[in-house]
Amino acid sequence: MATFGTLSDRLTETFRNLRTKGKLTPADVDGTVREIRRALLDADVALPVVKEFTAKVRERALGDEVNRALNPAQQVVQIVNEELIAILGGEQRRLQFAKNPPTVIMLAGLQGSGKTTFAGKLAKQLEKDGHTPLLVAADLQRPNAVNQLQVVAQQAGAAIYAPEPGNGVGDPVAVSKAGVEQARRQQHDIVIIDTAGRLGVDAEMMKQAADIRRAVDPDEVLFVIDAMIGQDAVNTAKAFQEGVDFTGVVLSKLDGDARGGAALSVASVTGRPIIYASMGEGLDDLEPFYPDRMASRILD
Ligand code: GDP
């Protein structure tokens, strides 16, 4: 994966230098931790996350588990691996379904983050698994958004509920509620609500998303974030957490040539799990997110 190319190379280099050593002196550990810190910062990982991460690695690397290890350098790599998994959220977290269908999934995020594309990807994947999702077009902000979801729905072979004249046009809350009612009537077991975003965090947009959340009481609120937004990731994620209290994160555009900081910051800063990795413009480019596999890719 391109996203972690540079970070991955830098860490590999750091560990190569370490491997030439037998016992590790505190100076060796400090030097290694300093290099890890620089590599993470250059990858746009948020400073508080970097600080916490390197402090933990340092403490453990100076402790007994490394001292007693047959191969201290290998043990340090193992520690970095474990701590990376921890900041990526630890255990894999799957999408949660309602006991009584339909499961309502609301999407939130900035404009251009990849919400509509993800809605199509998710619908397609859920259909493959035997579900009958209904996409709901509640992004009424951009004139073309409803149309775009229609195209994506068609590509995914999924049903869509879109507002028609006289049917709550202009009111995303009414459209969302009507979409859930339609799913109930037509026995769709999942509803995916696409909501409006803005280019930056915006109070009105956030209020609208919060109103939709209150009105439809979703089982999952997925915050879609573009992995390429770098240092802005943390503030954006915090604003959405405050605004809509999302239950999970979707990292999009992980296929891009970005530095990957968003991926490594968001779960740790919000305490919310990353559930999907979206990695391409095609509707099949979606994978569940596995913290351990992501850590392995970084340390590969
Ligand atoms: P929305 O405004 O949040 O609904 O974002 P869109 O779904 O319209 O996506 C914005 C742009 O990003 C579109 O040109 C998509 O084709 C593109 N896009 C979405 N997801 C991905 C992804 O995972 N990888 C890449 N490379 N492009 C993506």
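First listed ligand is number 1; within each ligand, the first listed atom is number 1.
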Checklist entry - Non-hydrogen atoms of Ser113 versus ligand 1: any pair closer than 4.0 Å? => result yes
Checklist entry - Quick one: does ligand 1 sit under 4.0 Å from the side chain of Gln148, the backbone, both or neither, non-hydrogen atoms only? => result side chain
Item to check | Which residue and heavy atom of the protein sit nearest atom 19 (C) of ligand 1, plus the separation | outcome: Thr117 OG1, 3.4 Å
Side-chain donor-acceptor pairs under 3.5 Å in residues 213-228, sequence neighbours left out?
| unit_1 | atom_1 | unit_2 | atom_2 | d |
| --- | --- | --- | --- | --- |
| Arg213 | NE | Val244 | O | 2.5 |
| Arg213 | NH2 | Asp245 | O | 2.9 |
| Arg214 | NH2 | Asp211 | OD1 | 2.6 |
| Asp219 | OD2 | Val104 | N | 2.7 |
| Glu220 | OE1 | Arg93 | NH2 | 3.3 |
| Glu220 | OE1 | Thr247 | OG1 | 2.6 |
| Glu220 | OE2 | Arg93 | NH1 | 2.9 |
| Glu220 | OE2 | Gln96 | N | 2.7 |
| Asp226 | OD1 | Met228 | N | 2.7 |
| Asp226 | OD2 | Lys253 | NZ | 3.4 |

Checklist outcome for this item: Min over Gly282, Gly112, Ala145 of heavy-atom distance to atom 1 (P) of ligand 1 lands on Gly112
Checklist entry - Less than 3.5 Å between some nitrogen or oxygen of Asp194 and one of ligand 1, yes or no? => result no
Checklist outcome for this item: Residue, atom and distance of the protein heavy atom nearest atom 26 (N) of ligand 1 read Asp255 OD2, 2.8 Å
Next on the checklist: For atom 3 (O) of ligand 1, what's the nearest protein heavy-atom neighbour? Residue, atom name and distance, please.
Outcome noted: Lys115 N, 2.8 Å
Checklist outcome for this item: atom 5 (O) of ligand 1 has as its nearest protein heavy atom Gly114 N, 3.0 Å
Item to check | Lys/Arg N to Asp/Glu carboxylate O, Lys56 vs Glu52, below 4.0 Å | outcome: yes
Checklist entry - Please state which protein non-hydrogen atom is closest to atom 18 (N) of ligand 1 and give its distance, to 0.1 Å? => result Lys253 CE, 3.8 Å
Checklist entry - With sequence neighbours excluded, what pairs up with Lys177 under the side-chain hydrogen bond (donor to acceptor under 3.5 Å, both in side chains) test? => result none
Next on the checklist: Could you tell me if the side chain of Gln208 sits less than 4.5 Å from the side chain of Pro172, heavy atoms only?
Outcome noted: yes
Checklist entry - For ligand 1, which atoms sit closer than 4.0 Å to a heavy atom of Lys121? => result 23 (O)
Checklist entry - Going by heavy atoms, is Leu110 under 4.0 Å from ligand 1? => result yes
Next on the checklist: Could you identify the single nearest non-hydrogen protein atom to atom 27 (N) of ligand 1 and state the distance to 0.1 Å?
Outcome noted: Glu281 CG, 3.3 Å
Item to check | Closest protein heavy atom (residue, atom, distance) for atom 4 (O) of ligand 1 | outcome: Thr116 OG1, 2.6 Å
Checklist entry - Hey, which atoms in ligand 1 end up nearer than 4.0 Å to a heavy atom of Met279? => result 23 (O)
